[in-house]
There are 2 protein chains.
Amino acid sequence: MELPEAKQKFIEAWGKLGSEWGINRTMAQVHALLLISPEAQTTEEIMLTLSISRGNANMTLRELIGWGLVEKQHKAGERKEYFFADKDTWNIARQVAKERRKRELDPVIKVLDELSRVEGDAKDPEFITFTQSVKDINKLAKNVDKTLDTMLKAEENWFWGSIFKIFK
Amino acid sequence: MELPEAKQKFIEAWGKLGSEWGINRTMAQVHALLLISPEAQTTEEIMLTLSISRGNANMTLRELIGWGLVEKQHKAGERKEYFFADKDTWNIARQVAKERRKRELDPVIKVLDELSRVEGDAKDPEFITFTQSVKDINKLAKNVDKTLDTMLKAEENWFWGSIFKIFK
DNA sequence: ATAAACTTTCAGTAATATTTGAAAGTTAAA
DNA sequence: TTTAACTTTCAAATATTACTGAAAGTTTAT
C-alpha cells in the first residue's frame, strides 16, 4: 500500500471508530489528520484535505482544543493560525479518559448515589431488585472511576505493568 | 425519593449514558427496565412502560439478545414470550466488553496491522510521522485488547484486585 | 481611519439514525 | 383446516445530529 492511500484509510478508520463511540466522525477525522501530519495545519488545509466547510472545520477544531487533544500554534510573522495534535498516544488516551469521565461518568455516579438513597418497602420485590441493581452498578462505576484515577496519574508502562503483572 | 420516580430516573440515566457511548438510547432504556424488574416482562408491558411501538420493542429486544444481555423465557401454558436481563453487573460489563471488542476493536486492529506495513521513503517526514503514529496506536490498541482478554476470563474480585494491588 | 486577512457565528439545509404501525408471517389450540 | 394469539418485518415518517456558507466579527498592517 502507498502512503496516500494509507493516510486515507487511517482517517476513515479513526472516524468510524469515533462515531461508534459517540464521537462525531468529522472530529475524529480531523484529529486523525493532525496525528499523521508532521507540520501544524491551517484551517484552509484541513478544509481542503477532508472536504469540509470552513464553519465545520472551525467548530471541530475548537472542540478538539476543548478536549485537550489539539493546540493552536502561531508562526512568527504570520496572521494565520496553525493547529497540531499531541502525538503521544498515552497522553491522548488519558486526555480522552479524563474528559469522558468528567462529562459522562461523574454525572452518572451522582445520579446513582441519589438513587441508592431511595426509600421503600424492604419486602417489596420491586424495591429489592431496584436497590440491588443500583447498588451493584454503583460499585462497578466506582471501580471504573478509581481505575481511571490511577490511569490519569500513571506512566504508561507502569499502568500496563500493574494490569499484566499477574502473567509474570 | 419514591420508587416510581427513582425507576424513571434510572431508566433515563441509563439511556443517556448509552447514547453517549454509541448505544441506541431505547436499547439502553429497555435494558435498564429489565434490570430493575424482578419478573420477566412481555413485549406488551415494555411497550407500555416505555411508550414505544411494538416494532421498536421487538427489534430492540432482539438486539439485546444479540448482545447477550437479555434472554427469552417461556412460561408453561402460555403463548407469550417473556424477557429478562442478567442482573450480574460483572457479567454485563464483560458481555458489553466482549461484543464491542469483536465489533469495533478487532476491525480497527486489523486495519492498523495493514497500515503498519505501508511502504515509503524513510527520509520523508510525512512517512515517518505516519508510521510512528500508526505504530503507537497499534501498541495501545493491543494493550487494551490484552486487558479485555484478561477481564473476560477473570472473576470480578480478582480483576479489580489486580488493578488495585498497587495501592496495598 | 481603512482595508485586508483571517476567524467565528448561526440560520437554514442535509444527512443520518430511530421509530412507527400496519401488513405479513408464524405457531398452537380447537 | 381454521382461527386467534402472538411475533416479525420494513417502507414511510419523524427526530436527531451534523454541515454549509455567507455574513458578521476581529485583528493587524498601512
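What you see is a predicted model; the values in this text were computed from it and never measured. Every chain is numbered from 1 and lettered A, B, ... according to where its sequence line falls, protein lines coming before strand lines.
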Pairs of donor and acceptor atoms involving the side chains of residues 31-39 of chain A, under 3.5 Å and at least two apart or interchain, shall be tabulated with distances.
| residue | atom | partner | partner atom | Å |
| --- | --- | --- | --- | --- |
| A:H31 | ND1 | A:W14 | NE1 | 3.4 |
| A:S37 | OG | A:L33 | O | 2.6 |

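- The nearest whole Å value for the distance from the CZ atom in A:F83 to the C1' atom in C:dC6 is 11 Å.
- A close approach under 4.0 Å does occur between a side-chain nitrogen or oxygen of A:N24 and OP1 or OP2 of D:dC19.
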Next item on the list: Could you go through the side chain to side chain donor-acceptor pair (under 3.5 Å) check for A:E155 and A:W90 one step at a time?
Entry: CA-CA 8 Å; A:E155 287 304 313; A:W90 181 244; 5.7 Å; no

Do any N or O atoms of the protein come closer than 3.5 Å to N or O atoms of nucleotides 23-30 of chain C, and which pairs are they?
| residue | atom | partner | partner atom | Å |
| --- | --- | --- | --- | --- |
| C:dT27 | O2 | B:R79 | NH2 | 2.8 |

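- Rounded to an integer number of Å, the gap from A:N56 CG to D:dT17 C1' is 12 Å.
- Among the protein residues, B:S51 comes within range of the sugar-phosphate backbone only, with heavy atoms under 4.0 Å from sugar or phosphate atoms but none that close to a base.
- A:K87 approaches B:S133 most closely through the heavy-atom pair CD-OG, 4.2 Å.
- Dashed line: the shortest gap from a side-chain N or O of A:N58 to OP1 or OP2 of C:dT8 is under 4.0 Å.
- The nearest whole Å value for the distance from the CE atom in B:M47 to the P atom in C:dT19 is 14 Å.
- Whole-Å rounding puts the B:I52 CD1 to D:dA15 P distance at 16 Å.
- Rounded to the nearest 0.5 angstrom, A:L3 CG and B:D124 CG are separated by 6.5 Å.
- Going from atom CG of A:L48 over to atom P of D:dT20 covers 13 Å, rounded to whole Å.
- Side-chain atoms of B:M59 lie closest to C:dT19 of the nucleotides D:dT20, C:dT19, C:dT7.
- Paired with B:L148 under the rule side chain to side chain contact (heavy atoms under 4.5 Å, CB included), one option of B:R94, B:R101, B:K98 passes, and it is B:R101.
- Within the 4.0 Å cut-off from OP1 or OP2 of D:dC6, not a single side-chain nitrogen or oxygen of B:T43 is found.
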Can you list, pair by pair, the side-chain donor-acceptor contacts under 3.5 Å of residues 65-75 of chain B, counting residues two or more places apart and other chains?
| residue | atom | partner | partner atom | Å |
| --- | --- | --- | --- | --- |
| B:K72 | NZ | B:E81 | OE2 | 3.2 |

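- In the set C:dT8, D:dG21, C:dT19, the nucleotide with an atom closest to the side chain of A:S53 is D:dG21.
- When the side-chain nitrogen and oxygen atoms of A:R62 are compared with OP1 and OP2 of C:dT9, one or more of them lie within a distance under 4.0 Å.
- Between the C1' atom of D:dA29 and the NZ atom of A:K80 lies a distance of 15 Å, rounded to the nearest Å.
- Rounded to whole Å, the distance from NE2 on A:H74 to P on C:dA5 is 18 Å.
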Item checked: Test log, rule side chain to side chain donor-acceptor pair (under 3.5 Å), inputs A:N58 and A:R62 -> CA-CA 6 Å; A:N58 184 267; A:R62 269 185 309 116; 3.3 Å; yes

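- Rounded to an integer number of Å, the gap from B:E45 CD to D:dC6 P is 12 Å.
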